[in-house]
Amino acid sequence: MQLNVLSAVLPLLSTALAKTTTIAVGKGGLIFDPNTVTAAKGDVLEFHFYPQDHNVAQSSFDKPCIADAAGIWSGFMPVTAEQGVGNETFSVTINGTDPLWLYCSQGQHCNAGMAMVVNEPKSGNTLKAYLDAAKNAQPTDPEGDYRGGIIAAATNSTSSSTSASTSASGTASGTASGTAATQPSGTSTAPASSTTTGAAVKLETAGLAVLGLAGLVVGGMI
Ligand SMILES: *[C@@H]1O[C@H](CO)[C@@H](O)[C@H](O)[C@H]1NC(C)=O
Ligand SMILES: *[C@@H]1O[C@H](CO)[C@@H](O)[C@H](O)[C@H]1NC(C)=O
Ligand SMILES: *[C@@H]1O[C@H](CO)[C@@H](O)[C@H](O)[C@H]1NC(C)=O
Ligand SMILES: [Cu+2]
């Protein structure tokens, strides 16, 4: 009985703690905003596209602006000035903590600094080092259709929907019980501050509520 409750709660817990970071592509210049993001396994990057025609492609650190053959690729996302923002988003789930280097393959955008990193190293392979090397690169477009992410309809206004369900199911069993038992109430919200959307913050709040519930359940069992 109690085990059944626990197995019902833990997947919820994992879902609720996944963080969605909204990234503006080409809003107000040849930039990703933010251009450095910290994300954990299961977190989601949700790209929103602005005029006129940008994209998200993946390179290695060593070859800035050069497409990885099997890397993340949104495809080109043309948006008119009249539209203001694209009607489709591209969402990528993060699977680990290795740095992930992303750029826009359009024209000379990458040379101009249109690149970003997920989980930037503190020294050595920094975003600054990447951008410096990118200035003299010869950008390439990835081949083929979009891959490594999901294209979805953009929701209008600030209350964007979250895609927290994407990665939750598989990850709960192994680690969540330890997390629930040891995580004090205050700590899990800390990384959320500047990069998450309002919806994601709400999600984290929901996560805390579920965390408390899970704590009660776990506590009750011992
Ligand atoms: C959002 O709504 C505004 C006003 O209705 C509209 O002008 C704009 O094109 C819409 N944006 C998207 C992405 O649908
Ligand atoms: C994580 O794995 C999923 C499923 O294979 C894939 O679609 C996604 O692109 C991967 N994320 C990264 C950052 O490579
Ligand atoms: C976005 O707009 C394009 C061009 O008008 C259209 O083909 C596409 O179906 C739209 N996508 C969504 C999700 O509405
Ligand atoms: Cu671009």
Side-chain angles (χ1 to χ4, degrees), residues 14 18-61 64-121 130-131 134-135 137-157 160-161 163-171 195:
S14 165
K19 182 178 75 173
T20 296
T21 300
T22 299
I23 298 165
V25 184
K27 187 180 188 183
L30 299 179
I31 48 167
F32 289 85
D33 182 20
N35 64 2
T36 177
V37 168
T38 301
K41 181 176 162 70
D43 287 351
V44 175
L45 311 180
E46 186 179 291
F47 295 93
H48 292 242
F49 298 88
Y50 290 80
Q52 292 186 350
D53 192 0
H54 302 288
N55 61 56
V56 180
Q58 181 180 354
S59 80
S60 63
F61 174 84
C65 319
I66 306 297
D68 264 2
I72 303 293
W73 171 228
S74 68
F76 283 89
M77 291 289 194
V79 180
T80 64
E82 214 167 41
Q83 276 179 293
V85 61
N87 64 348
E88 291 176 346
T89 60
F90 182 62
S91 292
V92 175
T93 300
I94 298 302
N95 303 314
T97 53
D98 287 347
L100 179 67
W101 300 95
L102 301 172
Y103 71 100
C104 175
S105 75
Q106 176 70 266
Q108 306 296 302
H109 292 194
C110 184
N111 306 95
M114 194 162 185
M116 66 169 288
V117 60
V118 181
N119 297 325
E120 181 182 16
Y130 182 100
L131 293 177
K135 286 174 187 164
Q138 300 293 326
T140 63
D141 294 329
E143 286 174 18
D145 209 355
Y146 76 89
R147 58 178 173 258
I150 295 165
I151 296 201
T155 56
N156 214 330
S157 91
S160 69
S161 70
S163 49
S165 63
T166 19
S167 67
S169 53
T171 58
T195 57

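Note that the coordinates shown come from a computational prediction; the quantities given were computed from them, not determined experimentally. One-based numbering along the sequence shown. Whatever order the structure lists them in is the order used to number ligands and atoms, beginning at 1.
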Nearest protein heavy-atom contact for atom 3 (C) of ligand 3: which residue, which atom, what distance? N87 ND2, 3.7 Å
A student checking ligand 3 against E88 at a 4.0 Å heavy-atom cut-off should list atoms 8 (C), 10 (C), 11 (N), 12 (C), 13 (C)
Is N111 reaching over with its side chain to a backbone N or O of A137, donor-acceptor style, under 3.5 angstrom? yes
Counting only N and O atoms by type, is there a donor-acceptor contact under 3.5 Å from the side chain of N87 to the main-chain atoms of A153? no
Report the name of the N/O/S atom of H54 located nearest to the Cu ion (ligand 4). ND1
Counting N and O atoms only, with roles assigned by atom type, does the side chain of K19 sit under 3.5 Å from a partner on the main chain of T38, one being a donor and the other an acceptor? yes
Min N/O separation Q83 to ligand 3 under 3.5 Å: no
Taking only non-hydrogen atoms of I72 and a 4.0 Å limit, the atoms of ligand 2 in range are 9 (O), 12 (C), 14 (O)
Are any of the protein's heavy atoms under 4.0 angstrom from atom 1 (C) of ligand 3, yes or no? yes
The atom name of the N, O or S atom in H109 nearest to the Cu ion (ligand 4) is ND1
Mark whether atom 10 (C) of ligand 2 lies under 4.0 angstrom from at least one protein heavy atom. yes
Return yes if some donor-acceptor pair links the side-chain N/O of N55 with the main-chain N/O of S74 below 3.5 Å, else return no. no
Please check if the side chain of Q106 supplies one atom and the backbone of D53 the other of a donor-acceptor pair under 3.5 Å. yes
Taking the side chain as everything from C-beta on, heavy atoms only, tell me whether V25 gets closer than 4.5 Å to F90. no
Any idea which heavy atoms bring Q108 and P139 closest together, and the distance? OE1-CD, 4.5 Å
Just distances here: any N/O of G148 and N/O of ligand 2 closer than 3.5 Å? yes
May I ask whether atom 7 (O) of ligand 3 is less than 4.0 Å from at least one protein heavy atom? no
Would you name the heavy atoms of D145 and W73 that are closest together and state the gap between them? O-CD1, 3.0 Å
Hey, which atoms in ligand 2 end up nearer than 4.0 Å to a heavy atom of L100? 13 (C)
For ligand 3, which atoms have a heavy atom of A153 less than 4.0 angstrom away? 13 (C)
Is the distance from the Cu ion (ligand 4) to some N, O or S atom of C104 under 2.8 Å? yes
For atom 4 (C) of ligand 2, the protein heavy atom that lies nearest, with its residue and separation: N95 ND2, 4.8 Å
Assess the residue pair C65 and C110 against the criterion (disulfide (SG to SG under 2.5 Å)); give the C-alpha distance rounded to whole Å, side-chain angles, the decisive distance to 0.1 Å, and a yes or no. CA-CA 6 Å; C65 319; C110 184; 2.1 Å; yes
